[in-house]
Undergrad: 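One structure, pasted below without further comment.
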Amino acid sequence: MDVARWINNQQLLSMQQKRNLAQLSKAQQKLYQIEQIPQDQKLAIAMQNQIALHCTRLYVSEHKINNCNCLYLEKIKSNRFWKNMIKNFRK
């Protein structure tokens with residue numbers, strides 16, 4: 001399922017919570033294309049992602065964030081860069 005559609009289908013979330021999840025999703029979309037981004041911009045993108053995650057945690061439960069991340073991570077599992085990152089992280 002599409003992340004945006006999943007967020008909109010969450011009826012028990014307030015508009016503020018949905019907005020925060022949408023901002024987190026938008027920040028994570030940049031991570032999907034991180035191997036094409038110049039080296040000097042990668043730190044800024046990582047910082048934006050961490051800021052979005054922090055702001056989302058203020059209003060949304062960790063369980064909902066993880067559910068949203070699971071949908072997003074399904075898309076990036078096929079990305080060669082992330083396969084290498086996950087493999088190296090587990091070492």
Side-chain angles (χ1 to χ4, degrees):
M1 178 184 281
D2 184 47
V3 177
R5 190 171 300 145
W6 180 84
I7 292 170
N8 286 331
N9 288 338
Q10 299 302 307
Q11 297 178 2
L12 297 178
L13 294 178
S14 69
M15 287 307 292
Q16 176 68 38
Q17 291 170 318
K18 289 180 180 182
R19 193 174 306 118
N20 285 115
L21 283 172
Q23 288 175 338
L24 177 62
S25 176
K26 185 177 178 182
Q28 289 177 337
Q29 287 175 2
K30 293 177 185 175
L31 291 176
Y32 181 67
Q33 303 161 342
I34 200 155
E35 64 182 352
Q36 289 93 17
I37 295 172
Q39 190 67 31
D40 59 334
Q41 295 177 5
K42 288 181 181 180
L43 179 61
I45 290 171
M47 286 177 56
Q48 289 173 359
N49 186 52
Q50 287 301 309
I51 291 168
L53 184 59
H54 172 75
C55 293
T56 303
R57 283 185 173 148
L58 294 175
Y59 298 101
V60 181
S61 71
E62 198 68 34
H63 177 70
K64 288 290 185 185
I65 293 171
N66 288 337
N67 286 345
C68 185
N69 285 340
C70 286
L71 293 170
Y72 177 73
L73 290 175
E74 288 298 318
K75 289 171 39 177
I76 68 170
K77 281 184 180 177
S78 62
N79 189 309
R80 183 174 38 101
F81 175 80
W82 287 107
K83 282 183 180 179
N84 290 335
M85 289 293 289
I86 292 168
K87 189 171 86 175
N88 292 334
F89 181 73
R90 290 182 180 162
K91 290 183 180 179

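Quick caveat: nothing in here was measured; it's all calculated off a predicted structure.
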Undergrad: Main chain of S14, side chain of Q17: is a donor-acceptor contact present, judged purely on distance under 3.5 Å?
TA: yes
Undergrad: I need the minimum non-hydrogen distance between C55 and N20, along with the two atoms involved.
TA: O-ND2, 3.8 Å
Undergrad: So, using side-chain contact (heavy atoms from CB on, under 4.5 Å) as the criterion, who are the partners of H54 when residues are at least two apart?
TA: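 Result, side-chain contact (heavy atoms from CB on, under 4.5 Å) vs H54: L58.
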Undergrad: Can you tell if the side chain of S25 reaches within under 4.5 Å of the side chain of L21, non-hydrogen atoms only?
TA: no
Undergrad: Can you list the residues that meet the side-chain contact (heavy atoms from CB on, under 4.5 Å) rule with N8, with sequence neighbours excluded?
TA: none
Undergrad: Taking transitive links into account, so neighbours of neighbours count too, which hydrophobic residues share a cluster with M47 at under 4.5 Å side-chain distance?
TA: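 L43, listed by chain and number.
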Undergrad: Only counting residues at least two apart or in another chain, list the ones meeting salt bridge (charged side-chain N to carboxylate O under 4.0 Å, His left out) with R19.
TA: none
Undergrad: May I have all residue pairs that pass salt bridge (Lys or Arg N to Asp or Glu O under 4.0 Å) and include part of residues 55-69, sequence neighbours excluded?
TA: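 Checked against salt bridge (Lys or Arg N to Asp or Glu O under 4.0 Å) - neighbours excluded - the pairs reaching residues 55-69 are R57-E62.
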Undergrad: State, with a plain yes or no, whether a side-chain heavy atom of N69 is found less than 4.5 Å away from one of Q28.
TA: yes
Undergrad: Which one of T56, I7, V60, V3 satisfies the side-chain contact (heavy atoms from CB on, under 4.5 Å) criterion with L24?
TA: T56
Undergrad: Under the side-chain contact (heavy atoms from CB on, under 4.5 Å) test, which residues partner K30, sequence neighbours left out?
TA: I45, Q48
